[in-house]
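Quick notes on the structure that follows.
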Amino acid sequence: MVESEGSVRFVDHAALGACVHCGLCLASCPTYVELGEEADSPRGRIHLMSALEHGRLSPTSELIRHLDLCLGCRACETACPSGVRYGSLIEAARPYVEAHRPRLARWGRRALARLLASPRFGTLVFAPLRLLGGRRWIGGLARRSPPALGAWVAIAAAMPPRRPTPRPPSELVPTGKSRGTAVLLTGCPAATLFPSTQLAAARLLQRAGVRVVVPPGQRCCGALALHLGDAAGARRLARHTTATLAVGPADWVVTTAAGCGALVREYDHLLVDQPRVRELARRTHDALELLADLGLPPPVHPLARSVTVHDPCHLAHGQGVRVAVRSLLATVPGVRLVELEDADVCCGSAGTYNLTQPRMARRLLARKVERIAATGADVVAAANPGCLLQIRAGVIARGLPVTVEHPLDLLATAHGVEGMR
C-alpha cells in the first residue's frame, strides 16, 4: 500500500479511537473467519481507516478491496466490549473510498444504486425472473451448472412465483379495542417481491389491535445506496421516506425488512440536519418485535413444521431483535423450533454484497446451508428479503428439501389472517 501525506476528514477521530484493538471481534467477523487475514477483520479495517484518515495510506485498489469485503453485518458490534460503533465507521468510509475508484467502476456502482432504488426498475427486472421462480427444472439447472453460473440460476429459481396478491390497503382498522397506530414502511424489494409478507404484517398488526396506515408513494429507504457508498443518494431517499411517513400522529413506524429497519432507526445519524428524524428513529420497530411486545390472540391453525431461525444481521446486530421471532413462532401449535448453529452469522446477502462480492457471498452461503442441513428442519424462518432469496437459492442449489419463509408469513397462516378485511 502507498504512503500518503496530509490528513483527510471522513470520520470522527474519537470514534476511530474507541477501538482498543483487543481482537475479541475477530471470531465474530465472517470474512476474517473465512480468510484469516488481519486486514479483513474489523480491527484490521479500523487500522486501515485510521491510516486513511491520518494520511498515512492512500486509497489504493488493494486497500479498497479489504474495505469492500466488509459485509457491514455489525456482528463485531455485538462482540465488542468497548461499544465501538463499527457500522457507522465503515459507512462513513465508503463514500470517501467511492470517490477514489476508477471512473467507470464508480459510475457503474452509482447506476446500480439508483436502479435498485427504483420501483419501476424492480418491477421490470423481477417480473420476468418471477416467471421462473419455484420451477423445479430451474433448480435442477442450477445444480448442474458450474458454481458461479449455478448461483445466479438458483437466485432465479428462488424468486417467489408471480401470484395475484393484493397490496395492503391504505388503512386497516384494528380488530377489537385500538392499542395504537402504526405506519407501515413497505420498502422496495420487499414490496415488489414479497407483497404477501407486507399484507401479512398489516393483518397481524390489525389482529393485535393496531390501526395500520400504509402511505402511498414510498420508495427505497436509502439502505441500498448507502451499501454502495452513495451517501448523497441515501440522504435523498431518506428525506423522501421521512416526508412520506409523516402522515399524522402515529405510535410506531413498522418495517418487515431488517435492513430497512436498521437504517431508519439510525436516520438521525444520516440526516444530521433534520432533528425531527430522531423521533422517527425512536418510534421505528420491526413488525415481529412490535407483535411480540403487544401479543397476539391464540393462533387458529396448527402448523406441523420443524422450524429453524436464521437471524438477519441487521435484525440481530443492528436492532437487537432475536427473541421476538422465536417467541412468536413458539406460540403456534405443532411448530417445533430447532436451534441453528451460527444463526446470527451472515448468509452473504448483505444488501448488495452478493452482487458486488459474489465469490465471498457464495462461501458464506455454503457455510450457512451446511448449518441448515445439520438441523434437519423443514423450514428456515428469515425476516429479511435479501436473506430469503439468498438462503432459498442456497438450499435449491444444494437440493435440500427445505422451504425458506418469512416468519410473518408463517404466523399469518397460523392466525388465518390472509383474507381478513
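Small disclaimer: the values here were computed from a predicted structure and weren't measured.
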Side chain to side chain contact (heavy atoms under 4.5 Å, CB included) assessment of V332 paired with L410: CA-CA 9 Å; V332 180; L410 296 173; over 6 Å; no
State which residues pass ring pair (Phe, Tyr, Trp, His ring centres under 6.0 Å) with H240; sequence neighbours excluded, sorted by chain then number. none
Does any part of the side chain of L89, heavy atoms only, come nearer than 4.5 Å to the side chain of V84, both counted from C-beta? yes
Counterpart residues, salt bridge (Lys or Arg N to Asp or Glu O under 4.0 Å), relative to R363 (two or more places apart): E34
Contact summary for L288 and L328, nearest pair of heavy atoms: O-CD1, 3.5 Å
Under the salt bridge (Lys or Arg N to Asp or Glu O under 4.0 Å) rule, collect the residues that match up with E98, sequence neighbours excluded. R101, R109
Taking the basic N atoms (NZ, or NE/NH1/NH2) and the acidic carboxylate oxygens, is any pair closer than 4.0 Å for R392 and E405? yes
Going by atom types alone, do H317 and T78 pair a side-chain donor with an acceptor below 3.5 Å? yes
Nearest heavy-atom pair of A258 and Q319: which atoms, and what distance? O-NE2, 3.1 Å
List the atom of V345, the atom of P30, and the distance in Å for their closest heavy-atom pair. CG1-CG, 4.2 Å
Are the side chains of M49 and L67 in touch, meaning some heavy atoms are under 4.5 Å apart? yes
Is any NZ, NE, NH1 or NH2 atom of the basic residue among R283 and D251 found under 4.0 Å from an Asp or Glu carboxylate oxygen of the other? no
Does A350 have any side-chain contact (heavy atoms from CB on, under 4.5 Å) partners at least two apart in sequence or in another chain, and if so, which? L71, C346, Y353
Among D286, V307, V309, find the residue that satisfies the side chain to side chain contact (heavy atoms under 4.5 Å, CB included) test when tested with V325. V309
Test side-chain hydrogen bond (donor to acceptor under 3.5 Å, both in side chains) applied to R94 - qualifying residues, sequence neighbours left out: none
Check whether any side-chain heavy atom of P312 sits under 4.5 Å from a side-chain heavy atom of C387, and report yes or no. yes
Could you go through L205 and V254, starting from their C-alpha distance and side-chain angles, then the distance that decides it, and tell me whether this counts as side chain to side chain contact (heavy atoms under 4.5 Å, CB included)? CA-CA 10 Å; L205 288 165; V254 176; 4.0 Å; yes
Validation row: L294, L296 side chains within 4.5 angstrom (heavy atoms): no
Do N354 and Q390 have a side chain donor and acceptor closer than 3.5 Å? yes
Using the rule given for salt bridge (charged side-chain N to carboxylate O under 4.0 Å, His left out), can you reason through E339 versus R371, listing the C-alpha separation, both sets of side-chain angles and the distance that settles it, and then say yes or no? CA-CA 10 Å; E339 196 57 40; R371 300 291 191 269; over 6 Å; no
Any residue meeting ring pair (Phe, Tyr, Trp, His ring centres under 6.0 Å) with H269, in chain and number order, not counting sequence neighbours: none
Does R398 have any side-chain hydrogen bond (donor to acceptor under 3.5 Å, both in side chains) partners at least two apart in sequence or in another chain, and if so, which? E370
Is it true that R282 and D268 have a side-chain N and a carboxylate O under 4.0 angstrom from each other? no
Heavy-atom donor-acceptor pair, R45 side chain to D40 backbone, under 3.5 Å: yes
Just to verify, what does A397 make a side-chain contact (heavy atoms from CB on, under 4.5 Å) with, not counting sequence neighbours? A154
Please name all residues satisfying salt bridge (Lys or Arg N to Asp or Glu O under 4.0 Å) with R74, sequence neighbours left out, ordered by chain then number. E77, E266
Test salt bridge (charged side-chain N to carboxylate O under 4.0 Å, His left out) applied to R235 and D230, step by step: CA-CA 9 Å; R235 282 191 288 271; D230 183 7; over 6 Å; no
Answer whether the closest heavy-atom distance between the side chains of V379 and T308 falls below 4.5 Å. no
Are more than 12 heavy atoms, taken from residues, nucleotides or ligands other than R143, located less than 6.0 Å from that residue's CZ atom? yes
Holding to side-chain contact (heavy atoms from CB on, under 4.5 Å), I want the full list of residues that pass it with C260, two or more places apart in sequence or in another chain. L185, C221, A257
By salt bridge (Lys or Arg N to Asp or Glu O under 4.0 Å) - contacts of R276 (at least two apart): none
S145 side-chain N/O to L141 backbone N/O, donor-acceptor pair under 3.5 Å: yes
Residue pair M159, I155: steps toward the side chain to side chain contact (heavy atoms under 4.5 Å, CB included) verdict: CA-CA 7 Å; M159 289 282 170; I155 286 284; 4.2 Å; yes
Taking side chain to side chain donor-acceptor pair (under 3.5 Å) as the cut-off, I'd like each qualifying pair that reaches into residues 327-338, sequence neighbours left out, listed once. S306-R336
Would you say T241 and Q218 are linked by a side-chain donor-acceptor pair, where the criterion is simply a distance under 3.5 Å? no
Does the pair V380 and L388 meet the rule for a side chain to side chain contact (heavy atoms under 4.5 Å, CB included), with working shown? CA-CA 9 Å; V380 179; L388 283 170; over 6 Å; no
